[in-house]
Amino acid sequence: ACRNAPGPSRYVVCNADEGEPGTFKDRVLLTECPDLVFDGMTVAGYAIGAKLGLLYLRGEYRYLLEPLEAVLARRRAMGLLGESILGHPGFDFDIEIHLGAGAYICGEESALIESLEGKPGRPRNRPPFPVSHGYLGQPTAVNNVETLAAAALISARGGDWYRSLGTEKSAGTKLLSVAGDCSRPGVYEYPF
């Protein structure tokens with residue numbers, strides 16, 4: 001739908017606002033597997049014809065900004081971001097990181113887009129939806145960190161591999177944050 005929506009530009013937005021109490025799976029993915037997330041954003045950019053991806057990083061994760069910028073710089077140097085990615089003419093895509101201001105509501109996709117545009121993070125009335133009228137009024141695909149990381153793995157290993165995990169009606173895996181007064185806090189990945 002986003003690829004086919006009219007507009008001169010398209011955008012991929014990665015929602016890394018992660019404001020739910022006790023959740024930290026996005027933080028772990030961005031710390032331990034940032035290339036996987038950026039691969040997913042790049043795959044999404046290719047799929048919809050976007051030239052720019054925007055990672056909306058939770059303000060409390062500011063300490064991740066410098067390491068993530070370093071990963072992006074390395075990816076640009078390797079030809080994995082920028083113009084003609086991996087030598088494919090016309091496959092131009094780059095990623096920018098934007099810091100959130102700590103507003104819980106900005107985890108909602110349209111409020112996040114408002115914040116990206118420099119406005120107060122307030123949800124938009126819908127329709128229209130971001131897929132046709134998102135960032136800067138252009139078609140925008142908004143997904144979370146976990147979804148984009150999974151998209152990269154599906155691209156690399158194929159849909160059959162992904163469908164082999166979980167159940168027939170709920171394929172794949174889910175990351176679960178376990179926190180609080182418990183024996184083994186952490187992030188766990190389980191098949192559905």
What side-chain donor-acceptor pairs closer than 3.5 Å can you find for residues 20-29, not counting sequence neighbours?
unit_1 : atom_1 : unit_2 : atom_2 : d
Glu20  : OE2    : Tyr104 : OH     : 2.5
Thr23  : OG1    : Glu20  : O      : 2.7
Lys25  : NZ     : Glu146 : OE1    : 3.4

Open item on the list: Which residues end up grouped with Phe129 if you chain together Ile, Leu, Val, Met, Phe, Trp and Tyr wherever their side-chain heavy atoms are less than 4.5 Å apart?
Closed with: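 Val131, all in the cluster of Phe129.
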Task: Members besides Val142 in its Ile/Leu/Val/Met/Phe/Trp/Tyr cluster (side-chain heavy atoms under 4.5 Å) - done: Tyr11, Val13, Leu52, Leu54, Tyr56, Leu112, Ile113, Leu116, Tyr135, Leu136
Without swapping roles, check the side chain of [X] against the backbone of [Y] for a donor-acceptor pair under 3.5 Å.
X      : Y      : value
Arg10  : Gly7   : yes
Asp92  : Lys51  : no
Arg58  : Glu18  : yes
Ser115 : Gly121 : no

Can you give me the closest heavy-atom contact between [X] and [Y], atom names plus distance?
X      : Y      : value
Gln138 : Thr140 : O-OG1, 2.9 Å
Thr31  : Pro34  : O-CD, 3.9 Å
Cys2   : Ala141 : SG-N, 3.8 Å
Gly59  : Leu99  : CA-CD2, 4.5 Å
Ser132 : Ala5   : CA-CB, 4.0 Å
Pro89  : Ser84  : CA-OG, 3.7 Å

Task: Hydrophobic cluster identity match, Ile105 and Tyr61, side-chain contacts under 4.5 Å - done: no
TODO: Treating Ile, Leu, Val, Met, Phe, Trp and Tyr as nodes and any side-chain heavy-atom pair under 4.5 angstrom as an edge, say whether Leu36 and Met78 lie in one connected cluster.
DONE: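 As far as the 4.5 Å side-chain criterion goes, Met78 and Leu36 are not connected within one cluster.
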Open item on the list: Per the salt bridge (charged side-chain N to carboxylate O under 4.0 Å, His left out) rule, what does the pair list look like for residues 80-89, sequence neighbours excluded?
Closed with: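 Those involving residues 80-89 do not exist here.
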TODO: Write out all pairs satisfying salt bridge (charged side-chain N to carboxylate O under 4.0 Å, His left out) with one or both partners inside residues 98-110, taking only residues at least two apart or from two chains.
DONE: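 Qualifying pairs, neighbours excluded: Glu108-Arg126, Glu109-Arg126.
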Open item on the list: Please report the interatomic distance CG(Leu153) to CG(Leu148), rounded to the nearest 0.5 Å.
Closed with: 11.5 Å
Task: Nearest-0.5 Å distance that lies between atom SG in Cys14 and atom CG in Asn144 - done: 7.5 Å
Open item on the list: Can you pull out every ring pair (Phe, Tyr, Trp, His ring centres under 6.0 Å) where at least one residue sits in residues 143-178? Sequence neighbours excluded, please.
Closed with: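 Of all non-adjacent pairs touching residues 143-178, none passes ring pair (Phe, Tyr, Trp, His ring centres under 6.0 Å).
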- [ ] Identify, with sequence neighbours excluded, every residue that meets side chain to side chain contact (heavy atoms under 4.5 Å, CB included) alongside Ala16.
- [x]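 Only Leu30, Leu55, Leu57, Val145 meet the side chain to side chain contact (heavy atoms under 4.5 Å, CB included) criterion with Ala16.
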Open item on the list: Suppose we screen for side chain to side chain contact (heavy atoms under 4.5 Å, CB included). Which residues come up paired with Ser155, at least two apart in sequence or across chains?
Closed with: Val43
- [ ] Using side chain to side chain donor-acceptor pair (under 3.5 Å) as the criterion, list what pairs up with Lys169, not counting sequence neighbours.
- [x]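 Side chain to side chain donor-acceptor pair (under 3.5 Å) list for Lys169, sorted by chain: empty.
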- [ ] Using the test ring-ring contact (aromatic ring centres under 6.0 Å, His included), find all partners of Tyr46 that sit at least two apart in sequence or belong to another chain.
- [x] Phe91
Enumerate, atom names and distances included, each donor-acceptor pair closer than 3.5 Å involving a side-chain atom of residues 62-76, sequence neighbours excluded.
unit_1 : atom_1 : unit_2 : atom_2 : d
Arg74  : NH2    : Asp35  : OD1    : 3.2
Arg74  : NH2    : Asp35  : OD2    : 2.5
Arg75  : NH1    : Asp35  : OD1    : 2.8
Arg75  : NH1    : Asp39  : OD1    : 3.1
Arg75  : NH2    : Asp39  : OD1    : 2.6
Arg76  : NE     : Asp94  : OD1    : 3.0
Arg76  : NE     : Asp94  : OD2    : 3.1
Arg76  : NH2    : Asp94  : OD1    : 3.1
Arg76  : NH2    : Ile95  : O      : 3.0

- [ ] Check step by step if side-chain contact (heavy atoms from CB on, under 4.5 Å) holds for Leu176 and Val187.
- [x] CA-CA 5 Å; Leu176 304 169; Val187 175; over 6 Å; no
- [ ] Side-chain contact test, heavy atoms from C-beta onward, threshold under 4.5 Å: evaluate it for Phe38 versus Leu81 and give yes or no.
- [x] no
TODO: Can you run down the side chain to side chain donor-acceptor pair (under 3.5 Å) pairs that involve residues 175-192, sequence neighbours left out, and say none if there aren't any?
DONE: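 Pairs touching residues 175-192 that pass the test: Thr173-Glu189.
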